[in-house]
Amino acid sequence: DDQVRHTRESEYPQAFAALLILAIALLPSAAYGQDAGAPAAADLESRVSELFEQTCARAGCHAGPVAQMDLFLTSSQFYASTVDVPSTERPDLKRVDPGNPEESYLMMKVNGSPDIVGLPMPMTGEKLSEDEIQLIEDWIRSLQGAEARPVQETPEIFPFDGWKAINLPTTRMVDQGSWLFLISHRFNPTIGDGYEAFYGLDGSGIIFLSMGYAFSDEFLVSLARSNSADNVELWSRYRLGRQGRDGWPVSLALQGAVNWVTEEPTVQDRYSGDAFKFSLQAAASRELTDGLGVAIVPGIITNPVESVDGENALVTLGLAGQWNFHRNLSLVAEWVPIVTGYSRSTTFGNDIRFDSWGSAFQITTGGHVFQIVLSNSVGLTADQYMRGGDLDIQDVDVRLGFNIFRVINF
């Protein structure tokens, strides 16, 4: 019996060691369960977030104040905007059905399925590669049992959709590394010229072209030109703070511009000091309620009229508002009263006698903002529209025009 007992006792350490090895082998799955795969899922989500940010959000289609189909694919919003959320185009399907990429409408859109409504995604630019599509599929499959969760951070507030109200600068910026293109046009004849001039559309026009680059999320520089006095404008905007997101009650930006009048004989010498103007405007904007934004834009400009010697600086106090009355449709208005420094002048041959004002019907879609403008001013550069307009609002006479903004990523 002692022999048998000794043999059994000698086996205890071996058995204990075997049980210990087995416990260590099973410990990760027992201790962590489903969370053992969490790092892999987190890595997939991070990579998908970066993909959406670069291909969908930066292009402007699924970011900004009005994302297409209310689908926001910025890094802070994409999860809350997709996972377990019904599709706008196909409400019977979820944009992302957790764990089920085959029934996720997002996958149908990137794969160009015949069951989608509209065009495949992305609609512009290069299509997603097979590896990128597989990445999205793997991410959706990793979401088995996942639930919807709120936006990770406070979305940006946009009191104004455009980078200008009409002429006045707003506080909106573009992401670092993006380009901002703007074309503005005003028909010089007025609507009151009647059907013989096709209500002004047959006449000559003033054109303003601008291309800007964002060196950072808060700093934008642009070079522009107007055919009115062959005016070249170099302007820059720096945003100091954003409403809500930075804890500010308003969004605030500074915009400075240098204007160079190169048309002769508008200036005797295009390289003289009289040909250059310098302006500074401070835009403070606030969204009062959802869809209603206002702005105040005080400004000052030196040498406002190139043909007048020894004049004082011109000071203005611009006011603007935007009312988003239905999804991507808005009404915008601005008024730029002159506080001091007015001198009689002409712009594009028109006698400038009144404060400039304008109103617009605005359509915002993805990275585009389009405005149909009614205005009393032909001036489009800072030194021109700040000087005023030529039409009297009491005569109910205005001219037509348009603005088009577009964010571009290369």
Side-chain angles (χ1 to χ4, degrees), residues 66 160-170 180-211 222 224-233 259 261-263 266 318 320-326 328-336 345-406 408:
V66 183
F160 291 81
D161 296 346
W163 290 264
K164 291 186 175 184
I166 293 173
N167 287 321
L168 287 171
T170 67
L180 176 64
F181 175 72
L182 164 64
I183 177 171
S184 294
H185 188 286
R186 302 292 184 269
F187 294 96
N188 191 40
T190 69
I191 293 177
D193 289 333
Y195 69 91
E196 292 183 350
F198 196 40
Y199 302 97
L201 299 181
D202 279 346
S204 57
I206 299 88
I207 301 172
F208 178 85
L209 296 174
S210 174
M211 178 66 86
S222 186
R225 183 187 183 276
S226 170
N227 64 330
S228 177
D230 295 343
N231 195 314
V232 178
E233 181 174 271
N259 289 91
V261 178
T262 66
E263 182 182 62
T266 303
Q322 174 183 305
W323 173 41
N324 179 229
F325 63 89
H326 177 71
N328 64 337
L329 305 180
S330 305
L331 296 177
V332 185
E334 73 174 26
W335 175 40
V336 191
S345 62
T346 61
T347 300
F348 210 70
N350 298 295
D351 187 14
I352 305 303
R353 299 171 294 153
F354 308 100
D355 295 332
S356 67
W357 61 266
S359 61
F361 173 74
Q362 177 176 277
I363 302 172
T364 306
T365 172
H368 288 87
V369 178
F370 176 68
Q371 298 176 334
I372 300 174
V373 175
L374 296 174
S375 177
N376 77 328
S377 172
V378 294
L380 296 172
T381 58
D383 65 308
Q384 292 179 352
Y385 75 78
M386 290 174 70
R387 292 207 314 259
D390 60 295
L391 301 179
D392 188 350
I393 192 172
Q394 295 183 8
D395 294 337
V396 196
D397 203 4
V398 296
R399 55 175 52 89
L400 284 166
F402 62 82
N403 292 336
I404 301 175
F405 307 86
R406 173 60 184 169
I408 302 173

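Side-chain atoms are counted along with the backbone in the values below, which use heavy atoms only and exclude waters and symmetry mates. Values in this document were obtained by computation on a predicted structure and should not be read as measured data.
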Would F370 and T365 count as a side-chain contact (heavy atoms from CB on, under 4.5 Å) if you check the C-alpha gap in whole Å, the side-chain angles of each, and the deciding distance to 0.1 Å?
CA-CA 8 Å; F370 176 68; T365 172; over 6 Å; no

Would D390 and R353 satisfy salt bridge (charged side-chain N to carboxylate O under 4.0 Å, His left out), going step by step from the backbone distance to the final call?
CA-CA 5 Å; D390 60 295; R353 299 171 294 153; over 6 Å; no

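Taking the side chain to side chain donor-acceptor pair (under 3.5 Å) definition, one finds that N328 meets it with nothing, sequence neighbours left out. Remark: W335 engages no residue in a ring-ring contact (aromatic ring centres under 6.0 Å, His included) (not counting sequence neighbours). Listed by chain and residue number, R344 satisfy the side chain to side chain donor-acceptor pair (under 3.5 Å) test with D351 (two or more places apart in sequence, or in another chain). Listed by chain and number, the residues in a side-chain contact (heavy atoms from CB on, under 4.5 Å) with D193 are P189, T190, A197 (sequence neighbours excluded). Under the ring-ring contact (aromatic ring centres under 6.0 Å, His included) criterion, Y195 pairs with no residue at all, not counting sequence neighbours.
Between the side chains of R186 and N403, at least one donor-acceptor pair of N or O atoms lies under 3.5 Å. Side-chain contact, S375 with R399: no donor N or O sits under 3.5 Å from an acceptor N or O.
Nearest heavy-atom pair across W357 and L391 is NE1-O, 4.5 Å. When all heavy atoms of Q322 and Q362 are compared, the closest pair comes out as OE1-NE2, 3.2 Å.
Under the salt bridge (Lys or Arg N to Asp or Glu O under 4.0 Å) criterion, the residue pairs touching residues 367-383 are K277-D383, with sequence neighbours excluded.
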